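Beneath this line is the structure, given in structure tokens, with notes to follow.
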Amino acid sequence: MSENTNHHAPGYGLFIGIWGALMVLTAVTVGVAQVHLGFLNVVVAMAIASLKASLVVFFFMHLKYENRTLKTMVLVAFVILAIFIGFTFFDTANR
Amino acid sequence: MYPQIFSAAKEVDQAFLIILGFAVFILVAVTVAMLYFLWRYDHKRNPHATDIKGSVWLEIIWTVLPTIIVLGLFWTGWTSFKAMRTIPEGAMTVSVEGRMWSWRFTYENGRTSNELVIPVNTPVRLALASRDVIHSFYVPAMRVKWDLVPGMETDAWLQSDTLGDYDIFCAEYCGLKHADMITLLRVLDQEEFDAWLAEGGAEEGEDVGLALLKEFGCFDCHSMDLSEDAAPSLLDLGGREQTVVLPDGTEKTIRPDADFIRQSVREPGATLVKGWGDEMPPYGDELSDAQLDAMIAYLLKPDRPDKGQALADELGCLGCHTTDGTDDVGPSFLGLYGSERKGKTADGKPYDLKADDAYLRRAIVEPSANVPEGFDDAMPIYDDLDQATLDQLLGYLKSLAGEGGQ
Amino acid sequence: MTEHRDYVGAKMGMWLFLFTEILLFGGLFVLYSVTLGRYPTEFHEASKLLDVTMGTTNTVVLITSSLFAALSVAALQKGSRKTAELFIGLTMALACCFLVIKYFEWSHKIHAGIYPGGETLVQWEPGKQAFFSLYYTMTGLHGLHVIIGMGVFTWVWAMIRLERCTPDHFVALENAGLYWHLVDLIWIYLFPLYYLIT
Amino acid sequence: MNVDAGFMAPGGKSWIREWLFTIDHKRIGMLYLWCIMAFFIVGVFLGLLIRMELFWPGRDFIGPQTYNAVFTLHGVIMIFIVVIPSIPAAFGNIFLPLQLGAEDVAFPRLNMFSFWLYLIGGATALISLFTGGGAPDTGWTFYVPFSAVTTTNVSVAVAGVFILGFSSILTGLNFIVTIHRLRAPGLSWTRLTLFAWALYATAWIQVLATPILSITVVLIIIERLLGMGIFDPARGGDPILYQHLFWIYSHPAVYIMILPAMGVISDIIPVFCRKSIFGYKTIVGSSLAIAFAGSLVWAHHMFVSGMSDTAVMVFSLLTFIVAVPSAIKVFNWLSTMYKGSIRLEPPLVYALGFIFLFAMGGITGLVLGSAGTDMHVHDTYFVVGHFHYVIFGGTGFGMFAAIHYWFPKMYGRMYNRKQAMIAAVLLIIGLNGLYFPMYLLGLQGMPRRYYDYLPQFTPLHQLSTYGSWITFVGLALMLWNLVRSRYKGAPCGRNPWKAATLEWTLPSPPPTHNFDEVPVVTHGPYDYSEVRDDD
Ligand code: HEA
Ligand code: HEA
Ligand code: CUA
Ligand SMILES: [Cu+2]
């Protein structure tokens, strides 16, 4: 069985579009960093980074076209990582 | 369980009782059910199984019920922990420093000690700090345990309602002598404690330098005989030549002097005795120049009276020989030096000799060579002692000599 | 034994492997976030010492290389081997570019004594030292992944040459691409965390 | 009568080509089994040595440095080289594809690679003993700052751990894809064996938690070699963070150890009770719940570490919650026995031994999970007692049960039933003699990792050492029986236990290619109505 039959092949155009979006977001995050927002700087930077990451994951890495199982798996991995980071703060934020 | 002398730990003991009680109950229940089923539904007794795939109700019961129970158990555990962690206002503070592998307790008036001495019925806050790696301060009788983390200040508290001496352990693994990082908690009544707090460090009649060496835990790594411990021996420092490795890697033979010792304490890594690693923690501000001088004076004193005795004790001589003139397994050391000795040599010939240096030396490294009358050839052979140790021992025997030897 | 041709399975395996990579870096992100929480001002100060221009350039370089990686998969899927090889070459070229820039950044800092144990760094506050310890560890590990990624692409390129990776069975290239995107993904977080916390 | 050698039959190539380079999951599983057993025996001798030293207070046979190296090595071998791979790598590899009706695992070559990594990792860990500064003396937990400053050969030992971790990850990854992709037609998720489910849950922990260990040991190495100062408080680091990272992996790791054993038990009990497992879905759910909730409780190893009180509360609460799914399993196993038709064969004896010993160890986990009581017993022999009960009594007995259950399938021969039973009973008695005194020691305040102890602890230590000798006899008898029966046992046919899962439809030992034709599954794994008595 050819791997091509059950597969959507996104075109070059889409990828270049995503790349453009990533470039813009990079510019935005560098720009915002020059403005002083205190702790919000980190939050904004992380929000933009996560947006960029989702673009990479969903389009460059084709997750958008994968089945539900794989999507769930990715979700689980990120949730676990979030738990590891988040729960450590139960300690360090209260010491 | 261990006697319990801390009022706040009553709740902990209660939590133990509740949880262990539940544990025993459920364990017995599970085991009994298992064995009963095993007997009752053996294939001989019950040749045909009834296929039961499950029961939603039962499953819900044994999900919800244990959840409720464990939440209860959690709560007793947590409240008892809270009691152990809530340090009363105005508690007296003692600083506890842990280091490889000894403890040092510093009181508010500057008094230091290597045992924790506290007054009865008084809350004591312990400010815990570590100088090298993680240790853990543990008093089983108090149910108190808390880690000493380098670079971090932690604290714990305790309060005793009973007089007495209790063990303090190091409960966090900290290397070679972790098992020896043990000291005492001494609970005194208030007057005794006040008196103890007011008096200086050294005990009556003890050399100040020796007291300081003990207090700073030097003997936890260095020995005062020639046995090798975690660090080079401090025996007769001034009288022994040693090879040291200088910072540039060259080797040199020196006879330790005050400057060398001072540097070794303040900057232990700078010049190392050959064969030893850079493991000793540097002692900076907490040791005043005067204190250091007293220690050096003690270490360099040429004929420390206690040195040979300490050796004899350490090597186990005093287990068989007394120093009061009565014979035990072996002849008494008192008056031994210079006395006339009669006995048999190894090949059974009788001899009649004076106990001089050569004779006594032989008696130590080759005891069967001369077995005195009235004693068995029972002494272990000490042929692994080096010259310095032997000299020390002989010096000690000489100091106990009778008229004949003088 | 027959070679398994389970396309979905192969890709699932690759994703699972990527999870392990994410969690590998995850451990370092735990350290980073906690240390940032403890020394916000020091991190802020230390971050200013990094060159934002270089960092931004590298971000652009890596994202673009990621684009080429994605394009190479698309090209092979569409059946044009040559284009795919061209895009792989571009990806690798940009990866080299990334490493060169990284090398200049590092060596510049190291010359200035700003490295763990370096004569300048040891004089600074603990918070700043922590920043740089983490900086070297995380970007170092990331750099290592860039190098591994290049190795993987070289291998896939050889597979394409040997016609073991073809427009019909391109999962090797696709997985190499996935790996490369992950390297990019991690950089997307490293960049603001180190260069933009100002 | 002779037994057809099946997949074990020599294929005419050299031994190395046939075994070391094999990609047959069954052979790889056998290789794992033998290596694990070999390492287990080494670890056991080290344990015995510990017990000998502790027979009297003071220094008896080995000095402090050697003692510290011995318990470190004992812990590292037992945890990383024996128990973590044990059931998944050995029995998982052999029986998972068979239970799924598959030809092999999803990535056979990766499987071989993973075994090599296991060998290399184990060898590296052993090399650390004889090179550099000598055997590591940090304990298996490698706590900083001690592990960063000690002069012993920690770097090489943790490099071994890193490689072993990689091997574990690849095995997990392989199993997840195998279970997703290679189930036989008709084998829906609800028809999977509980063993497969347990491996599935375990595999997720392996994939998601092990990388954290990898990075942690890498940090130790760069700390030692490059002086990074990541955990050095003077340079802005925090030693407690090391403990967080270490336990983020190592707590879930204890579920890597126990879940597969629970899977084995869930497979064995119904066979010998001749009825369906009670509450299939709940057991599946509890496996997944343990895997998930197990990653939320790591800091219960750090209650007195100087961590914040808030964290103590949260992690203590979650620890209690994670005990519930284990409780559910125990109750379900017991209910499976209810109204069964029980045949007391060796695998069942080991399985019931598992339930008793695991309950004994698990329930003391509650004492440790409760913050107030843990303050007293943390880092004492109480903890040592707890984990030996759950590991040896749990995973170890799970492993023994698995061996006795699948031995006839692997070798086509049956062992001596009576000897197996006697060995089991000796082991149960010996283990209690060995580990129960440790609980009492811990309650009295005896700290762990002490080569020397105060005289008041002597009687209990001696009792424990006597227990170790009984255990020794039991274990030796068990191994002897198995080794002998591998050559001399009576041939046993396809399905001696009359079990209903797919591996029993194959000849014993199974042929290299597993199934002649892809099986079609029409019923669940514990449906005995269709098991025929034909062989
Ligand atoms: C196979 C390995 C394994 C398993 C399964 C467990 C299971 C559990 N462990 Fe254990 N643990 C270890 C291996 C394991 N542990 C190791 C190796 C260490 C020491 C590491 C070191 O420091 O070197 C350790 C240490 C350890 C500590 C730290 C102690 C300390 O250092 O101070 C704690 C604290 O909470 C703990 C708790 C638990 C709990 C709550 C469970 C639970 O999952 C147990 C659940 C089981 C049951 C509860 C029993 C069965 C159920 C019933 C009989 C029904 C009735 C029960 C209820 C209604 C609740 N463990
Ligand atoms: C799989 C896990 C596992 C297993 C099975 C064991 C098994 C044993 N352990 Fe182990 N132990 C650990 C894991 C394990 N241990 C860990 C993780 C630690 C912590 C290390 C640390 O602190 O860092 C530890 C620590 C530890 C200590 C505490 C040391 C200390 O804190 O100072 C002690 C003390 O008694 C001990 C004893 C034993 C004994 C007596 C056995 C025994 O069960 C052995 C008994 C078995 C036998 C005696 C059978 C012998 C049989 C044979 C040899 C058969 C030969 C026959 C043939 C070849 C045919 N262990
Ligand atoms: Cu200090 Cu152990
Ligand atoms: Cu745990």
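Fair warning: this is a prediction, and the values are worked out from it, not measured in the lab. Reminder, nothing fancy here: chain letters follow the sequence lines and each chain counts from 1.
Of residues 72-85 of chain B, those residues with a non-hydrogen atom less than 4.5 Å from any non-hydrogen atom of chain D are, in numerical order, B:Leu73, B:Phe74, B:Gly77, B:Trp78, B:Ser80, B:Phe81, B:Lys82, B:Met84, B:Arg85. Scanning residues 229-242 of chain D against chain B with a 4.5 Å heavy-atom cutoff picks out D:Pro233, D:Pro239, D:Ile240, ordered by number.
Of the two parts of B:Ile134, the backbone and the side chain both hold a non-hydrogen atom closer than 4.5 Å to a non-hydrogen atom of chain D. With a threshold of 4.5 angstrom between heavy atoms, D:Tyr439 does not approach chain B through any atom at all. Heavy atoms of B:Asp132 lying under 4.5 Å from chain D belong exclusively to its backbone. Using a 4.5 Å cut-off between heavy atoms, B:Glu172 touches chain D through backbone and side chain atoms alike. Contact of D:Ser305 with chain B is made through backbone and side chain together, with heavy-atom distances under 4.5 Å. Contact annotation for B:Phe22: only side-chain heavy atoms (C-beta onward) come within less than 4.5 Å of a heavy atom of chain D. Interface residue D:Val144: only backbone heavy atoms are found under 4.5 Å from chain B. Heavy atoms of B:Leu58 lying under 4.5 Å from chain D belong exclusively to its side chain. With a 4.5 angstrom heavy-atom cutoff, B:Met152 touches chain D only via side-chain atoms. Proximity to chain D (any heavy atom under 4.5 Å) is restricted, for B:Ile182, to the side chain, taken from C-beta onward.
For B:Tyr138 and D:His378, the distance between ring centers is not under 6.0 angstrom.
Atom OH of B:Tyr173 sits about 5.5 Å away from atom OG1 of D:Thr72, to the nearest 0.5 Å. Here the CG atom belonging to D:Leu352 is positioned 6.0 Å from the CG atom belonging to B:Leu38, to the nearest 0.5 angstrom.
Classification of the B:Phe37-D:Tyr338 ring pair by plane angle, with boundaries at 30° and 60°, yields tilted.
There is no side-chain donor-acceptor pair under 3.5 Å between D:Ser341 and B:Asn46.
Annotation: maximal heavy-atom pairing with chain D below 4.5 Å, among B:Val12, B:Ile52, B:Thr31, B:Thr154, occurs at B:Ile52.
Between B:Trp146 and D:Met307, the closest heavy-atom pair is CZ2-O, 4.4 Å.
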